[in-house]
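In this chain, numbering begins with 1 at the start of the sequence shown. Whatever order the structure lists them in is the order used to number ligands and atoms, beginning at 1.
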Amino acid sequence: MKAIPTREQLEQLLSEPTEAVVETLGSLRGDILLLGAGGKIGPSLARMARRASDRAGVTRRIIGVSRFSNPDEEAGLQVHGVETIRCDLLDEVAVAQLPDVPNVVYLAGFKFGSTQDTARTWAMNAYLPGVVCRKYRDSRIVAYSTGAVYGLTPRAGGGSCESEPTQPLGEYAMSCLGRERMFEYFSRAWNIPVALIRLFYACELRYGVLVDLAQKILAGNPIDLGMGCFNVIWQGDNNAMTLLAFAHAASPPFVINVTGPEVLGIREVSETLGRLLGKKPNFRGTELRTACLGNAAKAHQLFGPPRVGAEQLIEWVADWVKRGGENLGKPTHFEVRDGRY
Ligand SMILES: NC(=O)c1ccc[n+]([C@@H]2O[C@H](COP(=O)([O-])OP(=O)(O)OC[C@H]3O[C@@H](n4cnc5c(N)ncnc54)[C@H](OP(=O)(O)O)[C@@H]3O)[C@@H](O)[C@H]2O)c1
């Protein structure tokens, strides 16, 4: 497919389950609740869980929990058969009243503004997991983490593997390692099956590193080359791998990197985008020796390779951005190297 013409077609593709997801959700027992469902990933992930469960012939509730700062996301979920509950997860009384369910996806987090509000960063990223484990100690939990827990790795090495030591840079990444440690602590203490997803840059057409690059090129803004390279994964593939991870949740936690197989050069990708957009990119700085890079070979071996490759995604993004398609206004700040967001 050369292009994705409309928002509805985009959302259909992002939430299209694979056969493996249909099978996994067919054999999973009970309802699924998503904490932090109102962000960039939650809506299409919840919708995929709905579609896969329906296709598997399983009757279950899919419940999205968030403050729903964007009420459109709440309405969108309801239209597609996802129940919603408004809740500030830092309100422990409200968390205690959430429905008990056997399956939880944990998406809540705090990144942008974390340098200004360090206390909130640690409360959201490292304290809240303990509150959630207490509430859902009888459930199975798939929790998002981030590739940022590894710190920067030599570009030549092809990206950090799960077995490598973590070296988080800055309070955001440190607090995300805290999130992992709390899930691990309670998983071990209470035998909670947990899967930790170390995600490196999901991307669709309304946000992601490729969208940031395309927008900078169109606006004539300089692109910082320092980070040198990056990985991305089509958000539809990230969604599928997240739901497949339910079958691997374990105590102690199952840890997996999720991203695409390609190591993408910022310069090369920008030049390709520039050609597609009909505008030459401006660069500043030079490529440094290290980058935030993940090796997701384990995920590709277990779950299969992504359905959408980087080349296809680049074409879709260029077409969408060129046509002035919707943007979430949530830049990734992929160029940040000191961990300060
Ligand atoms: N997207 C990526 O490429 C990426 C990459 C690496 C790691 N991750 C991880 O994956 C997770 C999900 O990613 P995402 O991109 O969907 O993140 P996101 O856009 O930040 O979404 C998380 C959502 O959680 C909700 N939330 C935050 N604080 C809350 C609170 N106190 N109570 C209730 N809800 C709260 C917010 O929605 P409301 O305002 O509606 O409450 C927020 O939009 C994140 O935690 C992040 O660490 C994502």
Does at least one non-hydrogen atom of Y207 fall below 4.0 angstrom from an atom of ligand 1? yes
Proximity to ligand 1 by part of R179, non-hydrogen separation under 4.0 Å: side chain
Any idea which atoms of ligand 1 are less than 4.0 Å away from a heavy-atom of A202? 2 (C), 3 (O)
Starting from the C-alpha separation in whole Å, work towards a yes-or-no answer on ring-ring contact (aromatic ring centres under 6.0 Å, His included) for Y106 and F183. CA-CA 11 Å; Y106 183 95; F183 275 116; 5.0 Å; yes
Compute the minimum heavy-atom distance from S145 to ligand 1 and say whether it is under 4.0 Å. yes
Non-hydrogen atom of R198 closer than 4.0 Å to ligand 1: no
Is the shortest distance from a heavy atom of Y172 to ligand 1 less than 4.0 Å? yes
Look at the side chain of R51 and the backbone N and O of S15, then say whether any donor-acceptor pair between them is shorter than 3.5 Å. yes
For Y144 and R198, run side chain to side chain contact (heavy atoms under 4.5 Å, CB included): C-alpha distance rounded to whole Å, both residues' side-chain angles, the deciding distance at 0.1 Å, then the answer. CA-CA 6 Å; Y144 274 95; R198 290 181 178 160; over 6 Å; no
Taking the minimum heavy-atom distance to atom 38 (P) of ligand 1, which of G38, G36, G64, S69 ranks first? S69
Atom 17 (O) of ligand 1 sits nearest the protein heavy atom K40 NZ, 3.7 Å
Pick from T146, L199, D91: the one approaching atom 5 (C) of ligand 1 most closely through a non-hydrogen atom: L199
Atoms in ligand 1 flagged as close to Y201, the criterion being non-hydrogen separation under 4.0 Å: 3 (O), 5 (C)
Going by the angle between their ring planes, with limits at 30° and 60°, are H333 and F112 parallel, tilted or perpendicular? tilted
Which atoms of ligand 1 have any heavy atom of A108 under 4.0 Å away? 24 (O), 45 (O)
Taking only non-hydrogen atoms of C87 and a 4.0 Å limit, the atoms of ligand 1 in range are 32 (N), 33 (C)
Aromatic ring pairing Y150/F200, orientation class (parallel under 30°, perpendicular over 60°, tilted between): parallel
So which of L45, V65, L89 gets nearest to atom 30 (C) of ligand 1, if we judge by its closest heavy atom? L89
